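Report on the structure given below.
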Amino acid sequence: MSLVDDLVAALGADRVKAHPLELRVYDKDAGVARGPVAAVALPESTAEVVACVKAARTWGVPIVARGAGTGLAGGAVPTEPALIVALTRMNTIHEVDLENRTAWVGPGVINLDLSAHTTPMGFHYAPDPSSQSVCTIGGNVGTNAGGPHCLAEGTTVAHILAVEMVTVDGEIVELGGPAPDPIGLDLRAVVVGSEGTMGLVTRVLVKLTPNAPDVRTLLLAYPTIEGAAETVSQTIAAGIIPAALEIMDRPMVQAVENFVHAGYPTESAAVLLAEVTGHPAAVTAEAGQIERIALQAGTTEVRSAVDAAERDLLWLGRKSAFGAVAQSAPDYYLHDTVVPRTRLVETMTRLYEIADRFEISMLNVFHAGDGNLHPLVAFDGRDEGARERVMEAAEEMVRVSLEVGGSLSGEHGIGLEKRDLMADVFSPIDLDAQARLRDAFDPDGALNPGKILPHGSRCYDFGMQPPLSQEPAL
Amino acid sequence: MGWITGAAPTQAQLDACVTCGLCLPHCPTYRATGDEAASPRGRLTAMAAIADGIAEVDETFAEMMSFCLQCRACETACPSLVPFGRAMEGARAEIAAQLPGRRRSARRWLVGSAIANPTLVGAASFGAAVAQRIGVGRSGAGTIGKVRGLRRLPLRSSSTRGKSWPARGVPRGTVALLSGCVQDPWFAEVHEATISVLRAGGFDVVAPPTQACCGALAAHDGAVAQTRALAAANVAAFDGFEYVVTDAAGCGAHLKEYGHWAEGGDVLAARVVDVTELVAQLLDDGQLPEFGSRGQRVAVQDPCHLRHAQRITVAPRRVVAAAGFDVVDLDPSGRCCGAAGMYTITYPEMSESLGRAKADEIDRSGAAVVASANPGCEMQLRSYADEAVRIVHPIELYAAALQGRD
Amino acid sequence: MTDRHLDQLIDRDRVDPSPGMRESATVVAPATIESAGATLAAASAAGATVRFWGGGTHQGYGHVTKADVVMSTERLTKVVDWQADDLTIVVEAGLPVAELEVLLEDRNQSAVLPELPGSATVGGVVAAGVSGYRRLRYGPTRDRILESVLVTGDGRVTTAGGRVVKNVTGYDIPRLVTGSLGSLGLIAQVCLKLWPMPKRAATIVVEDAAAATRVAYRPLAVLELPDRSAVFVAGSEDEIAAQTRDLGGTEQEGLAWPELPSGEWTGTMRVPPASTLEAVGRVRAAGLTFVAAHGVGEIHLAAGSSSAASFGELRSWAEAQGGSFVVTGRPADDGLFDPWGSPPPSLTLQRRVKAAFDPAGIANPGILPGGI
């Protein structure tokens with residue numbers, strides 16, 4: 001007997017993968033890292049997920065949950081030979097409750113499929129990561145995914161009311177509920193964004209958002225990226241929270257335009273996409289206000305999408321940005337830091353300085369309204385020393401973001417990629433607290449081990465006493 | 001062992017993928033299975049593993065590649081502009097070379113030789129025509145069941161090859177018609193419609209006698225030598241024409257990639273047009289009349305090799321609308337119908353599930369007529385759609401309008 | 001560490017009990033977060049239980065617990081960092097909500113905490129996990145806690161989250177501490193996400209709150225009281241006029257927020273939003289006073305001793321809808337009535353999480369559902 005035998009007994013041979021080539025296609029996500037895969041299972045029900053967990057536990061193999069594999073931080077990439085539980089087949093929209101504006105869905109439901117399903121009913125699922133046409137709700141829960149429209153609507157956690165989860169012991173537990181503020185500790189909020197380290201989510205109760213009665217999408221072009229960033233800072237400072245505020249710089253706009261042909265101004269140094277939604281009586285005025293701020297910040301072109309088709313095309317461009325990078329180089333590496341919006345202009349300037357100094361090609365596309373940066377470095381990994389140079393520059397970029405009071409990740413998650421930078425953000429005591437919280441769910445470290453927290457986060461990993469507050473003796 | 005032929009996927013093709021995954025939901029086999037190994041990204045990863053010497057071309061690899069419909073929906077979704085169709089043809093060429101014994105029997109012979117041989121196609125057509133008349137196939141399954149997808153065939157078919165038709169009025173140029181492998185016996189009405197519309201638009205139409213089957217199916221199956229031979233024959237046969245017109249999207253898509261297959265192929269490729277493209281142009285130029293709406297809905301089905309491979313979506317709609325119909329789209333309009341060349345035979349279950357899904361879309365559209373610009377799709381749609389639904393080529397609708405028929 | 005060490009720390013920070021403190025316990029008010037940490041570490045070592053106290057407004061929440069020491073946040077009232085242009089503010093837990101909102105009003109901003117907070121502190125509101133009426137528009141308080149400084153039950157000063165509006169760096173401890181009622185330790189400081197406040201706001205009096213909820217576009221709140229219903233809106237002049245027209249109600253300038261109902265017994269029923277209408281019917285039938293938030297599913301209510309008998313039935317009904325009925329205030333001598341009702345199904349995990357932060361079990365032990 002073996003792990004694979006047990007899985008085949010539970011799921012059937014069709015939905016268990018063990019050939020080296022089949023494992024190979026599951027050993028990475030949309031980021032750069034690869035990891036070792038012991039087997040892949042594609043369950044179709046909560047009961048089958050329980051069977052997967054029990055089989056893996058029996059054979060002492062760690063478990064890594066996976067959605068569509070669009071993560072950029074290596075969250076679904078194993079650090080040791082693991083069972084990959086791909087939840088893509090659990091893609092049923094179980095129940096839509098329009099009265100309560102909620103839906104119970106399987107973790108494998110594709111984000112955009114859910115919105116496509118409910119839009120004709122007058123509702124949509126608000127968080128819209130750029131990969132929304134691909135990524136799954138389960139994956140979104142895992143990373144607490146964001147997206148352009150999270151500026152006004154909040155990220156995934158604000159849209160998840162409850163989850164059904166299989167624990168590391170193979171038990172099924174429901175966290176949260178359909179009514180506001182379920183009693184007891186809010187474990188739902190902890191599971192959202194936990195990257196599969198606390199359990200495997202098998203059903204999700206999501207909140208649906210009413211479609212906006214009116215939408216205005218503005219494309220603003222600038223001779224400098226600082227002008228675009230300035231518009232964002234000034235808009236927020238003026239007390240306007242638009243539905244979305246997205247910036248792309250020239251190299252990014254050119255790559256994107258080459259794919260979508262949406263008429264993006266490829267000669268401008270930067271483009272700002274601003275979207276205002278709301279009551280028809282308010283949208284025009286708010287769009288006008290943003291336009292005035294933009295003109296003061298030096299915009300050279302103001303274009304308003306005339307219809308839904310043009311708006312969709314503009315957004316398709318924005319949301320294809322990462323993929324379009326391959327037009328210039330086969331590899332890319334990006335970060336996901338967030339900086340205070342008051343420090344956007346200054347941060348951008350410093351990022352370009354770093355790129356110049358390292359002589360690397362940097363493209364920028366980011367959720368400016370949230371201060372969520374995605375400096376993206378295109379390179380060819382086969383060039384001598386290229387990867388090292390890129391990593392060095394990227395690390396400096398992260399430090400700049402942290403220096404101005406920012407955070408490591410706004411929406412992609414910590415995963416593998418940023419794990420070791422956690423110690424730059426949090427003290428050993430902070431990390432110890434996080435490690436304890438994780439241990440409460442998974443004491444043996446069987447769920448996606450090696451993610452989020454750097455090794456040694458539990459202080460007593462080294463036989464140390466947990467640090468207590470130090471005060472001078474009385 | 002890695003790759004062993006010159007036709008293998010190139011490093012540049014494989015490098016173009018940054019594994020962002022935006023192709024996944026557009027892939028019919030990924031949609032159906034949720035399996036990364038059945039996705040374009042997974043297939044490219046597998047090819048890269050061969051190229052990097054991490055894995056071998058074995059039965060698992062071959063199965064992973066064969067399961068692909070080659071609909072190329074991933075290409076239109078790909079912001080990195082990965083030429084997936086080319087890479088897949090390369091992978092299949094390698095499989096054919098490295099695993100020569102794999103499914104050696106009927107299928108490859110059918111693809112590589114039979115379909116390119118007018119005599120054999122003619123014999124098969126006669127058999128099918130007889131079968132239609134004695135009632136076989138209406139309820140049958142498998143290959144025999146495919147007879148349901150055929151139009152009613154004449155017992156005796158004639159070929160367009162070697163014939164020519166003069167323009168009506170003053171000729172504005174000469175176009176060549178690709179006769180194709182099964183178009184003559186099975187889709188004679190489509191050729192007739194194409195010829196009559198082009199003549200009305202002011203073109204002399206010629207079907208060069210020495211032309212061959214386009215070779216698309218051979219290329220899709222990795223039959224490299226066969227593909228090259230057919231391409232070379234056609235480059236010679238179509239030399240010197242202003243346009244080479246096809247009324248089969250799969251053929252057009254392949255002709256447009258002749259640059260990869262034959263000396264001078266790029267010159268021919270640049271002159272290939274789908275008939276709907278050319279007619280839409282003639283409509284724009286006012287060379288052909290437009291007819292007012294008669295209030296009847298026609299659903300336009302986008303053949304993958306028109307929509308994804310040739311990126312043509314407007315022209316067929318333009319032609320149908322000019323014929324006086326209200327165009328409706330199928331939803332989702334970019335999903336493969338499951339015909340995909342020989343896929344109906346190699347993966348009947350997947351093909352059938354896609355065919356049934358497409359039939360449901362047609363049902364939801366409420367249209368009694370569906371216009372499809374590709375013979376393979378047409379047969380698949382006819383196999384699964386309600387029998388009351390008429391499946392035609394867009395050009396037939398326009399030709400009928402032009403002749404004052406319904 | 002010894003009890004003597006704890007005694008020394010208590011002596012250093014000792015203050016007089018505030019009015020309303022239930023037991024005549026020892027009360028300390030640390031002047032710094034580090035001092036609070038030292039005291040909790042000592043309390044953990046000594047096995048002394050601790051209750052936390054802000055403005056005293058939510059002390060009726062949860063099971064009645066005994067505390068050896070009451071830790072007050074009255075000396076932790078600093079505004080640490082206000083980034084007005086970034087719409088974030090960092091404050092210590094003891095800052096009264098009312099003071100915070102007055103400060104923010106200068107820049108037309110709000111932390112969107114409860115509108116009529118009384119003496120409630122920021123820390124108290126976060127610990128109790130309560131939200132204002134405007135949660136319909138801006139979401140619950142929990143969604144605005146960007147960063148938390150939690151002094152764990154065993155005295156470790158732990159920071160989680162960050163001072164930016166979007167963040168997935170590490171586990172979401174800021175949301176976890178929201179509503180934890182001091183069971184994990186002292187919530188000592190938080191960073192709050194702020195919202196700009198539209199210049200104009202109005203209260204539109206309507207006949208039918210449930211119908212108005214369907215018509216109104218993103219109102220701040222739709223509230224129903226025993227004798228009136230109103231939609232609260234904010235935005236531009238045009239938008240308010242249009243909403244008033246759509247709703248067919250009468251517009252009054254400004255936001256006339258109702259006080260929460262008061263009585264011998266108070267509680268909050270929470271049900272899926274669409275069940276609000278039925279909940280109101282049941283609450284009316286029971287003769288209770290209430291403020292019902294349509295679109296949210298939150299019904300605050302109050303009763304005298306005679307009508308409190310209906311609580312049990314209301315709770316059964318609310319729980320059957322997937323909701324809860326929490327008793328938040330009861331006569332001092334009635335400690336028997338379970339304030340929470342049926343505990344959540346995740347009790348095992350809840351217990352383990354509590355222990356992760358408060359291994360000695362001294363931080364408000366037993367206050368949560370299931371006696372955690």
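All of these numbers come straight from a predicted model, not from anything done at the bench. Below, chain A is the first sequence line, B the second, and so on; all start at residue 1. Worth knowing before you read on, the calculation uses all heavy atoms, side chains too, and leaves out hydrogens, waters and symmetry mates.
When all heavy atoms are compared, the tightest approach of Ala242(C) to Ala281(A) is CB-CB, 4.0 Å.
Using a 4.0 Å cut-off between a side-chain N of Lys or Arg and a carboxylate O of Asp or Glu, Asp432(A) and Arg156(C) qualify as a salt bridge. Salt-bridge check for Asp181(A) with Arg175(C): failed, with every basic side-chain N at 4.0 Å or more from each acidic carboxylate O. Contact check on Arg436(A) versus Asp154(C) returns a salt bridge, with a Lys/Arg side-chain nitrogen under 4.0 Å from an Asp/Glu carboxylate oxygen.
Checked against side-chain hydrogen bond (donor to acceptor under 3.5 Å, both in side chains), Lys207(A) has no partners two or more places apart in sequence or in another chain. Contacts of Glu95(A) classified as salt bridge (charged side-chain N to carboxylate O under 4.0 Å, His left out), with partners at least two apart in sequence or in another chain: none.
Taking 4.5 Å as the heavy-atom cut-off, the residues of residues 189-196 of chain A that approach chain C are Ala189(A), Val190(A), Ser194(A), ordered by number.
Looking only at side-chain heavy atoms (C-beta outward), Leu185(A) and Leu176(C) come within less than 4.5 Å of each other. Side-chain contact between Ile173(C) and Leu437(A) is present, with heavy atoms from C-beta onward closer than 4.5 Å. Side-chain atoms of Ile183(A) and Pro344(C), non-hydrogen and from C-beta on, do get closer than 4.5 Å to each other.
Residue pairs meeting the salt bridge (Lys or Arg N to Asp or Glu O under 4.0 Å) criterion with at least one partner in residues 146-164 of chain A, sequence neighbours excluded, are Glu153(A)-Arg218(C).
In terms of modelled atom types and a separation under 3.5 Å, the side chain of Asp370(A) and the main chain of Lys166(C) share no donor-acceptor contact.
Using a 4.5 Å cut-off between heavy atoms, Pro359(C) touches chain A through its side chain atoms alone.
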Between Asn167(C) and Ser407(A), does the side chain to side chain donor-acceptor pair (under 3.5 Å) criterion hold? Intermediate values first, please. CA-CA 7 Å; Asn167(C) 196 2; Ser407(A) 81; 3.0 Å; yes
